[in-house]
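Chain identifiers are assigned alphabetically (A, B, ...) following the order of the sequence lines, protein sequences preceding nucleic acid strands; residue numbering begins at 1 within each chain.
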Amino acid sequence: MSKINLSVNLCGIQLTNPTILASGILGTTKALLKRVAENGAGAVTIKSISVESREGHKNPTVITFEAGMLNAVGYSNPGVDAAAREFTNLQDVGVPVIASVIGTQKEDFVRVVDGLSAQRFSAIEIPLSCPHTPGFGLLAGQGTPQATFDITSAVRKVTKLPIFVKLSPNIPEICTIAKAAEDAGADAITAVNSMGPGMIINIESQKPILSFKAGGVTGDALRPIAVRCVYDLYKAIKIPIIGVGGISTGRHAIEMIMAGASAIGIGTGVYSRGIDVFRKVCEEISLWMQENGFDSIKSMVGAAHD
Amino acid sequence: MIEQPMMAKICDIQEESPGVKTFFFKLNLNFEPGQFVMVWIPLLDEKPFTISYIQKDLVGISVLKRGVFTNAIHSKKIGDMLGIRGPYGRGFSLKPDSNSCVVGGGIGMASLATLVDRLNLVVDKRRGHVTVIQGARTAAEIIYQKRFRDMKLCTEDGTAGFRGTTVDLLKDLLKKQRFQKVYTCGPEKMLYKVVELCGEHGIECEVSLERYIKCGFGVCGQCDCSGQRVCIDGPIFNIQELSRMEDFGKITITKTGARVIH
């Protein structure tokens with residue numbers, strides 16, 4: 001394989017390559033994070049953690065369709081105390097680990113960040129944008145500029161780690177929300193969360209398949225929307241962007257980087273290309289860069305802009 | 001591939017024991033022994049089950065009545081529909097020309113039934129033999145009574161066959177005969193002991209593991225066992241793989257993601 005350097009510096013975190021395991025996929029245990037790292041991810045994100053444990057929605061929680069995936073897992077997680085025990089000695093994972101933190105109110109975010117502070121996380125991600133879990137994200141009104149500012153400010157006060165604010169593609173004024181996050185001290189924007197919610201109905205039983213009926217849409221269907229969001233954000237904010245949404249090949253990753261992303265998240269791609277999607281995407285990025293005369297990821301960031 | 005359930009009509013129901021019924025469907029599944037399907041009851045829930053019968057265009061799932069979901073399945077009648085998606089996971093790898101022992105505990109026997117059928121079909125009788133051990137708490141819980149050629153029974157209370165556990169019976173058999181391969185499914189404590197015993201005797205062993213399954217296709221991470229996704233990397237694991245899985249026999253992960261001790 002080529003010797004192309006894929007490393008990126010994201011808010012002071014050194015990554016050997018720009019691929020990041022997106023939150024909600026395979027991030028349930030430290031052992032799985034390590035496995036994803038061994039399969040080439042530059043960084044990994046844990047499944048979101050709340051103050052109390054949550055069972056989430058009943059099955060079916062994840063299904064696929066012609067153009068991606070539909071999920072309403074409902075933030076199942078063991079709660080902050082169990083998570084703090086699960087994610088000890090994170091240096092064993094081998095790559096930076098990002099903590100995804102959720103709450104129904106800003107005090108919850110603070111409690112979870114506090115509860116995880118003894119573990120060696122490299123950054124905190126706060127998704128204010130889940131479209132399918134009552135009490136959280138969009139369904140709790142966290143997707144407004146004011147709520148984004150308030151929650152981000154509250155987390156900023158209790159951690160020195162970089163804060164990534166994860167936004168919804170649904171909201172036309174995504175740039176206004178991103179600016180609110182930037183003003184409140186966020187270090188990067190993760191764009192985007194799943195869109196929708198959408199619904200898939202089984203016509204023989206005449207019922208929606210997901211137990212929650214509606215779920216967030218990810219995968220190929222989301223990609224053009226995610227690319228446009230990142231393109232718009234790149235012009236509107238100064239902090240770096242982590243581009244997420246439908247990336248499963250090197251070409252997709254480069255497209256997102258050219259829209260303005262400094263690093264890229266992969267989630268549904270684990271389904272379409274397997275757990276080694278990270279290594280495959282990196283090899284494809286390297287090959288393309290070699291053939292097209294690019295020698296660093298940084299030199300491609302925002303290349304699609306005039 | 002699209003991971004969505006398709007509705008299948010129940011065309012026959014067979015009682016295997018007072019607590020276990022087999023539901024048959026006319027379905028064309030490309031199913032390998034050891035794999036599983038997700039069974040959906042709209043508006044209720046979806047859970048993993050093995051296929052326990054494959055007969056021409058008929059497939060069957062054997063269901064032990066245990067909780068809300070399995071009670072709901074048991075209340076279904078011929079003509080009712082259930083949603084099915086799959087098959088998922090990695091099945092057993094067969095070692096045909098050898099003496100093998102298939103060890104099933106409780107409803108775990110259902111996961112081994114199509115394997116026994118397949119082995120009996122492919123094993124050359126001059127070169128190998130298939131011995132089945134079925135263990136249950138009591139005689140009434142024995143399933144597939146007349147289904148297999150050489151099935152040895154054991155019960156905890158001694159009401160049928162050998163009095164004791166499947167592990168005791170396997171130990172006993174190993175004094176008299178040699179197996180090249182053991183396949184097993186049942187409570188994880190039993191699996192752990194079977195694997196230990198096979199390790200001591202240098203016998204190849206494959207185990208069907210159970211964890212809480214959500215997606216079934218390797219993305220949600222809910223069924224982790226020491227970095228292995230039971231739904232896609234398993235549910236069948238061999239003795240070498242299990243030796244690297246610290247959680248095997250000790251820890252399982254609940255639907256919240258919390259670790260609990262077996």
Side-chain angles (χ1 to χ4, degrees), chain A residues 21 24-36 38 46-47 49 52-67 69-71 73 75-79 81-83 85-86 200-211 213 218 267-272 274-275, chain B residues 1-9 38-49 68-69 72 80-86 88 211-233 244-248 251-260:
Chain A
L21 172 71
I25 304 287
L26 297 179
T28 47
T29 66
K30 187 174 119 180
L32 273 175
L33 295 178
K34 187 159 183 273
R35 174 121 182 253
V36 171
E38 287 162 1
I46 64 169
K47 184 160 170 54
I49 299 298
E52 305 291 343
S53 77
R54 294 175 51 83
E55 288 198 350
H57 299 313
K58 286 206 155 137
N59 278 342
T61 46
V62 192
I63 53 177
T64 70
F65 66 108
E66 293 82 346
M69 210 159 81
L70 194 70
N71 92 83
V73 172
Y75 280 145
S76 57
N77 80 89
D81 294 341
R85 290 192 296 272
E86 176 66 35
I200 295 176
I201 294 168
N202 174 276
I203 60 173
E204 280 72 35
S205 61
Q206 303 159 44
K207 295 288 182 289
I209 299 175
L210 292 179
S211 77
K213 298 186 173 75
T218 60
T268 305
V270 170
Y271 168 68
S272 51
I275 199 167
Chain B
M1 190 73 181
I2 293 173
E3 316 299 348
Q4 289 180 23
M6 50 184 169
M7 300 309 289
K9 199 172 274 180
M38 296 298 287
V39 177
W40 177 49
I41 300 181
L43 306 180
L44 184 65
D45 209 335
E46 189 192 45
K47 303 266 181 199
F49 291 87
V68 175
F69 188 75
D80 289 348
M81 302 220 277
L82 290 172
I84 293 189
R85 63 182 174 95
Y88 292 119
R211 285 293 182 274
Y212 193 90
I213 306 265
K214 283 187 179 172
C215 71
F217 43 84
V219 302
C220 78
Q222 199 66 40
C223 61
D224 169 66
C225 182
S226 301
Q228 298 295 310
R229 298 162 296 173
V230 168
C231 72
I232 188 168
D233 301 315
R244 295 188 291 268
M245 292 160 67
E246 284 175 18
D247 288 356
F248 171 57
I251 302 280
T252 194
I253 290 173
T254 66
K255 60 180 150 182
T256 67
R259 284 171 177 276
V260 293

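- Between chain A and the residues B/Ala258, B/Gly221, B/Cys225, the largest count of heavy-atom pairs under 4.5 Å involves B/Gly221.
- To the nearest 0.5 angstrom, B/Lys255 atom NZ is 11.0 Å from A/Thr61 atom OG1.
- Contact of B/Gln228 with chain A is made through backbone and side chain together, with heavy-atom distances under 4.5 Å.
- With a 4.5 angstrom heavy-atom cutoff, B/Arg229 touches chain A via backbone and side-chain atoms both.
- Residue with the most contacts toward chain B among A/Glu55, A/Lys207, A/Lys58, A/Glu204: A/Glu55 (heavy-atom pairs, distance under 4.5 Å).
- In this structure, A/Asn59 contributes its side chain and B/Ile213 its backbone to a donor-acceptor pair below 3.5 Å.
- With a threshold of 4.5 angstrom between heavy atoms, B/Asp233 approaches chain A through side-chain atoms but not through N, CA, C or O.
- For the residue pair A/Ser76/B/Thr256, the side-chain donor-acceptor check at 3.5 Å is not satisfied.
- Within the 4.5 Å cutoff, the side chain of A/His57 has no heavy atoms near those of the A/Val73 side chain.
- Listed by chain and residue number, A/Lys34 satisfy the salt bridge (charged side-chain N to carboxylate O under 4.0 Å, His left out) test with A/Glu38 (two or more places apart in sequence, or in another chain).
- For the options A/Leu33, A/Val270, A/Thr29, heavy-atom pairs under 4.5 Å to chain B are most numerous at A/Thr29.
- Taking the ring-ring contact (aromatic ring centres under 6.0 Å, His included) definition, one finds that B/Tyr88 meets it with B/Phe36, sequence neighbours left out.
- Between B/Met38 and B/Ile84 the shortest side-chain heavy-atom distance does not fall below 4.5 Å.
- Contact annotation for B/Ile253: only side-chain heavy atoms (C-beta onward) come within less than 4.5 Å of a heavy atom of chain A.
- Only the side chain of A/Ile200 comes within contact range of chain B, with at least one heavy atom under 4.5 Å from a heavy atom of that chain.
- Using a 4.5 Å cut-off between heavy atoms, A/Ser205 contacts chain B through both its backbone and its side chain.
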